[in-house]
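Counting convention: from 1, in listed order, for ligands and their atoms alike. In this chain, residues are counted from 1 in sequence order.
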Amino acid sequence: MVSIAIDGPAGAGKSTIAKTVSKKLGYIYVDTGALYRTVSLKFSAAGATPEKIENVDEILSNLSVNIEFKDGEQRMILDGVDVTDKIRTPEVSMMASAVSAIPAVRAFLLETQRRLARENNVIMDGRDIGTVVLPDAKIKIFLTASPEARADRRYKELIEKGMDVKYDDVLSDIIKRDHNDSTRAVAPLKPAEDSIFVDTSGNTLEESVAALSEIIERELANV
Ligand code: DC
């Protein structure tokens with residue numbers, strides 16, 4: 001099986017690009033952020049906040065998270081219930097970032113991610129895919145863009161979904177999440193040494209998809 005890892009900060013366009021390229025290649029696309037988002041719902045339901053998270057082991061031992069693929073779309077199942085449509089709010093983003101810093105949570109989700117890559121050709125996106133989850137991935141890409149370019153993209157996405165958000169709040173959330181995700185002790189966001197670094201600032205999404213497709217097809221031809 002072939003694995004392609006795409007890591008990078010929030011809003012760099014990882015998921016849109018990975019989805020498009022995976023369709024082209026006939027690989028499955030795995031969005032690992034959705035796993036952390038789904039787990040964070042359970043912590044929120046138990047009364048946790050990004051500042052105060054307690055009873056981690058107890059919550060994890062009563063929790064089942066599954067990924068299903070329906071019509072090529074990844075659906076997230078928490079304790080048997082499809083929560084896919086609930087995990088994209090700014091509040092869930094901040095909670096997921098906090099929960100993902102807990103080593104027991106990362107350990108809990110590791111095998112699910114590795115199993116998907118053992119059983120399928122995958123493009124997997126996240127923060128630590130090339131460094132921790134799939135260190136032997138055939139191709140590793142670190143996709144980034146300036147905080148402003150990423151906030152702009154994320155703001156437009158949320159407005160299109162009908163959410164009432166302000167650009168300045170989206171930008172400050174992005175900066176805060178970058179800080180959380182890259183300074184945590186376990187599996188922080190950072191480029192793998194053997195990753196290809198791509199900066200999408202100033203590109204349209206179409207340009208970024210085209211650039212990434214070209215890199216991946218070129219690299220696949222070499223492996
Ligand atoms: O990719 P995303 O924005 O949906 O991810 C939500 C949070 O989950 C992100 O702020 C950090 C965490 N995450 C992680 O720690 N490791 C991953 N492989 C993917 C996401």
Show me which atoms of ligand 1 lie under 4.0 Å from any heavy atom of S97.
10 (O)
Select the closest option to atom 5 (O) of ligand 1 among G33, P188, A10, judged by heavy-atom distance.
G33
Is there a polar contact, in the sense of an N or O pair closer than 3.5 Å, between T32 and ligand 1?
yes
CG of N55 to OG of S61: how many Å apart, nearest 0.5 Å?
10.0 Å
D31 and S15 side chains, donor-acceptor separation under 3.5 Å
no
Which atoms form the tightest heavy-atom contact between L60 and F108, and what is the distance?
O-CE1, 3.6 Å
Worked check of side-chain contact (heavy atoms from CB on, under 4.5 Å) between K140 and I196:
CA-CA 6 Å; K140 298 181 185 178; I196 301 167; over 6 Å; no
Would you call the rings of Y155 and Y167 parallel, tilted or perpendicular if under 30° counts as parallel and over 60° as perpendicular?
perpendicular
Thinking salt bridges, do R150 and E148 make one under a 4.0 Å N-O criterion?
no
Please list, in number order, the atoms of ligand 1 under 4.0 Å from a heavy atom of G126.
17 (C), 18 (N), 19 (C)
Whether D181 and R106 form a salt bridge (side-chain N of Lys/Arg under 4.0 Å from carboxylate O of Asp/Glu) is what I want to check.
no
Taking D85 first and then R75, would you say they form a salt bridge - that is, a charged N and a carboxylate O separated by under 4.0 Å?
yes
Looking only at non-hydrogen atoms, the one of P9, A12, S100 nearest atom 12 (C) of ligand 1 is S100
Examine S93 against ligand 1 and note whether any of their N/O atoms are separated by less than 3.5 Å.
no
Please say whether R37 places an N or O atom under 3.5 Å from an N or O atom belonging to ligand 1.
yes
Contacting atoms of ligand 1, where contact means under 4.0 angstrom from a heavy atom of D128:
16 (N), 17 (C), 18 (N)
Can you tell me the protein heavy atom closest to atom 8 (O) of ligand 1 and the distance?
Y36 CB, 3.5 Å
Looking only at distances, can you tell me whether any N or O atom of R177, backbone or side chain, sits closer than 3.5 Å to an N or O atom of ligand 1?
yes
Where ligand 1 meets R184 - atom numbers and elements under 4.0 angstrom, heavy-atom basis:
14 (C), 15 (O), 16 (N)
Which is it for T32 and V133 under the side-chain contact (heavy atoms from CB on, under 4.5 Å) test, yes or no, and what are the steps along the way?
CA-CA 10 Å; T32 63; V133 179; over 6 Å; no
For ligand 1, is any non-hydrogen atom under 4.0 Å from R127's backbone (N, CA, C, O), its side chain (CB onward), both, or neither?
both
for atom 16 (N) of ligand 1, nearest protein heavy atom and its distance come out as R106 NH2, 3.0 Å
